[in-house]
Amino acid sequence: MHRRVVILPLLAASALVARENLWAQSWRTVTMSRQVDEERAVDVEVSYGAGRFELMPADPGVLYRMELRYDEEQFEPVSEYGEGQLRLGVEGTGRRIHFSKGEKLGEMTLELARDLPMDLRLECGAVRAEMDLGGLSLSNLEFKTGASESRLDVSEPNPIRMNEASFQVGAAAFTARHLGNLNADRIQVDAGVGDLKLEFTGDWQGNAEVEVEMGLGTLTLRFPKGLGVRLVRDTFLTSLDSQGLIKRGDSYYSPDWEEADHRLTVRVEAAFGSIDVEWVR
């Protein structure tokens, strides 16, 4: 009886290890793509839970190209298209998600059409994201992420006017560059805990408004010289380094606010942390 008591847990443990090793060996890589047909616009929804995520513009004529490395025991690829609706990414199989110590996480590389107007929604979990939206024709943009390290660049101007860009980040480090290239009327950033760096360089085509809500963390605002800037803050225990801005009433203005060709109004609501203003060329 004593031998059974000892052997059975060992067998169970061995079975568990074998199963976990099997999971660790179930990685698969797939590539999916589609050419542009007669589409005039498209709604794109991308969902990716954990791992490395990379986004960039595609070659001419390509609607999308997606390469995935995923654990097929736990996830399955998603590629659905119809009536101008495109859904991409991965979804769970319903089994318990398992990560072995030292195990490499999944990877997703996505390329999207350059010249096709689109509403783009990105929802990511615990990811390390590198995204370049330069050259995409975006009418609306929504990005949501949890505990992540995400970097976004708009390396080329958006050729169409965007209604709104929305960024919702949880416990995250988030950097966005060349936000002036978004060509957006409105930019909204909602952050929980983290380090935010927002750079508003780019080819400005009009005026814009930005709203930032932040719980706890550091916010760095980088403005190009020559852009008219107005900063309004509603903060609790948050310090402000208003370099290059002049306080008038409840707002801070750049010296050339009245004469600037393009104006940006930034409203910040923050609880704890710091706000730093920097000027770049």
Side-chain angles (χ1 to χ4, degrees), residues 27-70 72 75-91 104-124 127-145 148-167 174-184 187 199 201-205:
W27 293 99
R28 184 180 180 189
T29 299
V30 298
T31 300
M32 304 175 180
S33 65
R34 184 184 180 94
Q35 298 295 113
V36 174
D37 192 6
E38 298 180 354
E39 296 86 359
R40 295 186 177 181
V42 63
D43 288 344
V44 181
E45 181 178 336
V46 180
S47 178
Y48 190 64
R52 180 177 174 272
F53 175 69
E54 188 173 3
L55 173 64
M56 66 194 73
D59 292 333
V62 176
L63 178 61
Y64 78 90
R65 182 181 184 278
M66 178 176 66
E67 183 174 321
L68 288 170
R69 179 182 182 273
Y70 66 100
E72 61 183 350
F75 301 101
E76 57 186 14
V78 175
S79 176
E80 300 175 358
Y81 180 72
E83 299 182 352
Q85 305 286 327
L86 177 61
R87 182 169 173 255
L88 300 169
V90 296
E91 61 183 19
K104 289 185 178 180
L105 298 179
E107 297 180 4
M108 177 176 176
T109 301
L110 176 62
E111 301 173 15
L112 292 175
R114 276 181 173 268
D115 302 321
L116 187 63
M118 69 176 67
D119 284 359
L120 177 59
R121 292 179 296 279
L122 304 168
E123 186 165 356
C124 299
V127 300
R128 185 168 185 175
E130 294 279 351
M131 300 166 287
D132 186 357
L133 306 181
L136 299 185
S137 298
L138 299 173
S139 52
N140 285 286
L141 171 65
E142 182 178 342
F143 174 66
K144 296 181 180 179
T145 185
S148 69
E149 180 182 347
S150 302
R151 289 188 289 186
L152 178 140
D153 191 7
V154 191
S155 60
E156 300 176 30
N158 180 9
I160 63 176
R161 190 67 177 171
M162 177 187 294
N163 294 322
E164 181 176 89
S166 172
F167 304 98
F174 179 66
T175 299
R177 302 180 63 241
H178 301 110
L179 289 174
N181 282 339
L182 278 179
N183 196 13
I187 299 174
E199 179 190 296
T201 56
D203 184 11
W204 282 89
Q205 299 298 314

Side-chain heavy-atom pair Tyr64, Met32 within 4.5 angstrom cut-off:
yes

Is the shortest heavy-atom distance from the side chain of Met108 to the side chain of Met66 under 4.5 Å?
yes

Considering only NZ, NE, NH1 and NH2 on the basic side and carboxylate oxygens on the acidic side, decide whether Arg114 and Glu156 come within less than 4.0 Å.
yes

Which residues share a side chain to side chain contact (heavy atoms under 4.5 Å, CB included) with Glu83, sequence neighbours left out
none

Taking side chain to side chain contact (heavy atoms under 4.5 Å, CB included) as the definition, give me every residue that meets it alongside Arg65, ordered by chain and number, with sequence neighbours left out.
Thr31, Ser33, Val62, Glu67, Glu111

Is any side-chain N of the basic residue among Glu54 and Arg52 closer than 4.0 Å to the acidic one's carboxylate O?
yes

Could you tell me whether the side chain of Leu120 reaches within less than 4.5 Å of the side chain of Glu45, counting heavy atoms only?
no

Please check this pair: side chain of Asn181 against backbone of Gly202, looking for a donor-acceptor N/O pair closer than 3.5 Å.
no

Ignoring hydrogens, what is the shortest heavy-atom contact between Ile187 and Ala184? Give both atom names and the distance.
CG1-CB, 4.1 Å

Can you name the side chain to side chain donor-acceptor pair (under 3.5 Å) partners of Glu142, sequence neighbours left out?
Lys144

Side-chain contact, heavy-atom cut-off 4.5 Å: Ser150 with Met131?
yes

Can you tell me how far CG of Leu55 sits from CG of Leu112, rounded to the nearest 0.5 angstrom?
5.5 Å

Which atom names give the shortest non-hydrogen contact between Gly135 and Pro159, and what distance separates them?
O-CD, 4.2 Å

With no hydrogens and no angle check, do the side chains of Ser166 and Glu164 hold a donor and an acceptor under 3.5 Å apart?
no

Could you give the distance from CG (Leu133) to CZ (Arg177), rounded to the nearest 0.5 Å?
13.0 Å

How many angstroms lie between atom CG of Leu86 and atom CE of Met118, to the nearest 0.5 angstrom?
8.0 Å

We want to know whether Thr29 and Tyr70 form a side-chain donor-acceptor pair, criterion being a heavy-atom distance below 3.5 angstrom.
no

Can you find a side-chain donor-acceptor pair between Asn183 and Gln205 that sits under 3.5 Å?
no

Donor-acceptor contact present, side-chain Ser79 to main-chain Arg87, <3.5 Å:
no

Do the rings of Phe174 and Phe167 sit parallel, tilted or perpendicular, given the 30° and 60° boundaries?
tilted

Using a 4.5 Å cut-off on heavy atoms from C-beta on, say whether the side chain of Phe75 contacts that of Leu68.
no

Which atom of Ala113 lies closest to which atom of Leu136, heavy atoms considered
O-CD2, 3.2 Å

Note: Ile160 and Pro117 closest approach over all heavy atoms is CD1-CB, 4.1 Å

Indicate yes or no: at least one non-hydrogen side-chain atom of Val90 is less than 4.5 angstrom from one of Tyr48.
yes

Evaluate the criterion side-chain contact (heavy atoms from CB on, under 4.5 Å) for residue pair Arg69 and Trp27; output intermediate values, then yes/no.
CA-CA 7 Å; Arg69 179 182 182 273; Trp27 293 99; 3.5 Å; yes

Value for CG (Asp153) from OG1 (Thr175), rounded to nearest 0.5 Å, stands at 10.5 Å

For residues Val30 and Arg28, determine if any side-chain heavy atom of one lies less than 4.5 Å from a side-chain heavy atom of the other.
yes

Tell me whether Arg151 at atom CZ has more than 12 heavy atoms from other residues, nucleotides or ligands lying less than 6.0 Å away.
no

Got a second to check how far Asp203's CG is from His178's NE2, nearest 0.5 Å?
11.0 Å

Atom CG in Leu122, atom CG in Leu152: separation rounded to 0.5 Å?
8.5 Å

Establish, from distance only, whether the side-chain atoms of Glu39 and Tyr81 form a donor-acceptor pair under 3.5 Å.
yes

Just wondering, do Leu116 and Leu63 contact through their side chains at under 4.5 Å, heavy atoms?
yes

When you measure from the side chain of Asn158 to the backbone N and O of Leu138, does any donor-acceptor pair fall under 3.5 Å?
yes

